[in-house]
Structures are given as structure tokens and as C-alpha cells.
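Remarks on the structure that follows.
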Amino acid sequence: QLQLVESGGGLVQPGGSLRLSCAVSGFMRYYAIGWFRQAPGKEREGVSCIKSSDDATVYGDSVKGRSTISRNKANNTVTLQMNNLKPEDTGVYFCAAVPFVGWSCSLVDRLYDDWGQGTQVTVSS
């Protein structure tokens with residue numbers, strides 16, 4: 001199994017930005033990394049994903065245009081840059097990994113095998 005550790009969460013004002021990092025150990029050659037979030041009382045939501053073969057990306061509708069996912073293979077790190085944050089972006093953010101050989105990665109959380117512990121993001125005045 002891959003080991004995933006999230007960091008970078010915290011308190012931010014509406015309209016502000018955060019950069020979340022996912023440190024990955026034990027990489028497979030072909031895999032996908034996804035970012036998901038969950039607020040209290042709500043279902044887990046896919047935010048973005050990236051695949052290792054060509055760094056192709058997918059974004060959820062709720063963050064499209066405000067977020068960028070990227071991968072640094074030298075540092076074994078996947079980064080989620082979030083801009084223009086809104087109170088509804090508040091939640092625990094998880095990164096997850098799954099072996100991947102397809103064309104596009106998926107934002108369906110049940111497809112992912114390995115998960116980090118999460119990092120809290122709070123957007124509030």
C-alpha cells in the first residue's frame with residue numbers, strides 16, 4: 001500500500017488561498033492521486049485528481065477554475081492549490097491513491113484504495 005500524508009490546511013479568510021500537499025511513499029509506476037473533502041453532515045466530495053502516466057487532471061465542478069493540482073515526481077508530492085476560497089470549501093481534505101491504467105482519473109471515492117489521515121481547512125471571517 002502507498003503511504004499518504006496531507007499537510008497545509010488551516011484557517012483562511014474568504015477569498016484567500018491555501019496550498020495543500022500530499023506526500024506519497026511507496027509509489028507504483030502507474031497510479032492516480034485524488035483529493036477529496038468532507039464537511040460535517042455531508043457526503044465526501046471529489047475535488048481533483050491527477051494520474052502519474054501523463055499528469056492528466058480532472059476537477060470537480062465545485063472547484064473548477066479556482067484550483068490547480070500538480071505532481072512533483074522528484075519530491076513524491078502532489079499539490080492542490082486552492083484560490084478564492086469560500087466558506088463552503090470548509091472541510092477535512094484527504095488525498096488518496098489507486099493503481100491506474102485508464103485514460104482519465106476518477107473522482108469516485110470508492111475506487112481509491114489508500115488514504116491519508118486528512119487535513120482540516122476552515123474558511124471563515
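Everything quoted here is computed from the prediction, not taken from an experiment.
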Could you tell me if the side chain of [Y] sits less than 4.5 Å from the side chain of [X], heavy atoms only?
X: Ser125; Y: Pro14; value: yes
X: Thr122; Y: Val12; value: no
X: Ser67; Y: Ser48; value: no
X: Pro99; Y: Tyr30; value: no
X: Val92; Y: Thr119; value: no
X: Leu4; Y: Phe94; value: no
X: Val58; Y: Leu107; value: yes

- Item | Geometric class of the Tyr112/Phe36 ring pair [parallel <30°, tilted 30-60°, perpendicular >60°] |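 Perpendicular: the ring planes of Phe36 and Tyr112 meet at over 60°.
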- Pairs involving residues 52-87, ordered by first then second residue, that meet disulfide (SG to SG under 2.5 Å) (sequence neighbours left out):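 Passing the test, one end in residues 52-87: no pairs.
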- Calculate, to the nearest 0.5 Å, the distance between atoms OG1 and CG belonging to Thr68 and Leu80 respectively. 8.0 Å
- Query: Quick one: CG on Asn76 to CG on Leu2, what's the gap to the nearest 0.5 Å?
  - Reply: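 So the CG of Asn76 and the CG of Leu2 are separated by 10.0 Å.
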- Should Gln3 and Val5 be marked as a side chain to side chain contact (heavy atoms under 4.5 Å, CB included) after you check the CA-CA gap, both sets of side-chain angles, and the distance that decides it? CA-CA 7 Å; Gln3 305 297 315; Val5 180; 5.8 Å; no
When you measure from the side chain of [X] to the backbone N and O of [Y], does any donor-acceptor pair fall under 3.5 Å?
X: Arg66; Y: Met82; result: no
X: Ser52; Y: Tyr31; result: yes
X: Thr57; Y: Ile50; result: no

- Would Trp115 and Asp109 satisfy side chain to side chain contact (heavy atoms under 4.5 Å, CB included), going step by step from the backbone distance to the final call? CA-CA 10 Å; Trp115 292 78; Asp109 57 354; 3.8 Å; yes
- Query: Between the side chains of Asn72 and Thr77, is a donor N or O closer than 3.5 angstrom to an acceptor N or O?
  - Reply: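 Their side chains do not contain a donor-acceptor pair, so the 3.5 Å distance test is not met.
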- Query: Going by atom types alone, do Ser62 and Arg37 pair a side-chain donor with an acceptor below 3.5 Å?
  - Reply: yes
- Apply the test side chain to side chain contact (heavy atoms under 4.5 Å, CB included) to residues Trp35 and Glu6: give CA-CA distance (whole Å), side-chain angles for both, the deciding distance (0.1 Å), then the verdict. CA-CA 10 Å; Trp35 279 99; Glu6 303 94 336; 3.9 Å; yes
For the student: nearest non-hydrogen atoms of [X] and [Y], plus distance:
X: Leu85; Y: Leu18; answer: CD1-N, 3.8 Å
X: Ala39; Y: Thr90; answer: CB-O, 3.6 Å
X: Val98; Y: Leu111; answer: CG2-O, 3.1 Å

- Item | Heavy-atom neighbours of Gln13 CD exceed 12 at 6.0 Å | yes
- Task: Look at atom CG of Asp61 and say whether more than 12 heavy atoms of other residues, nucleotides or ligands are closer to it than 6.0 Å.
- Result: no
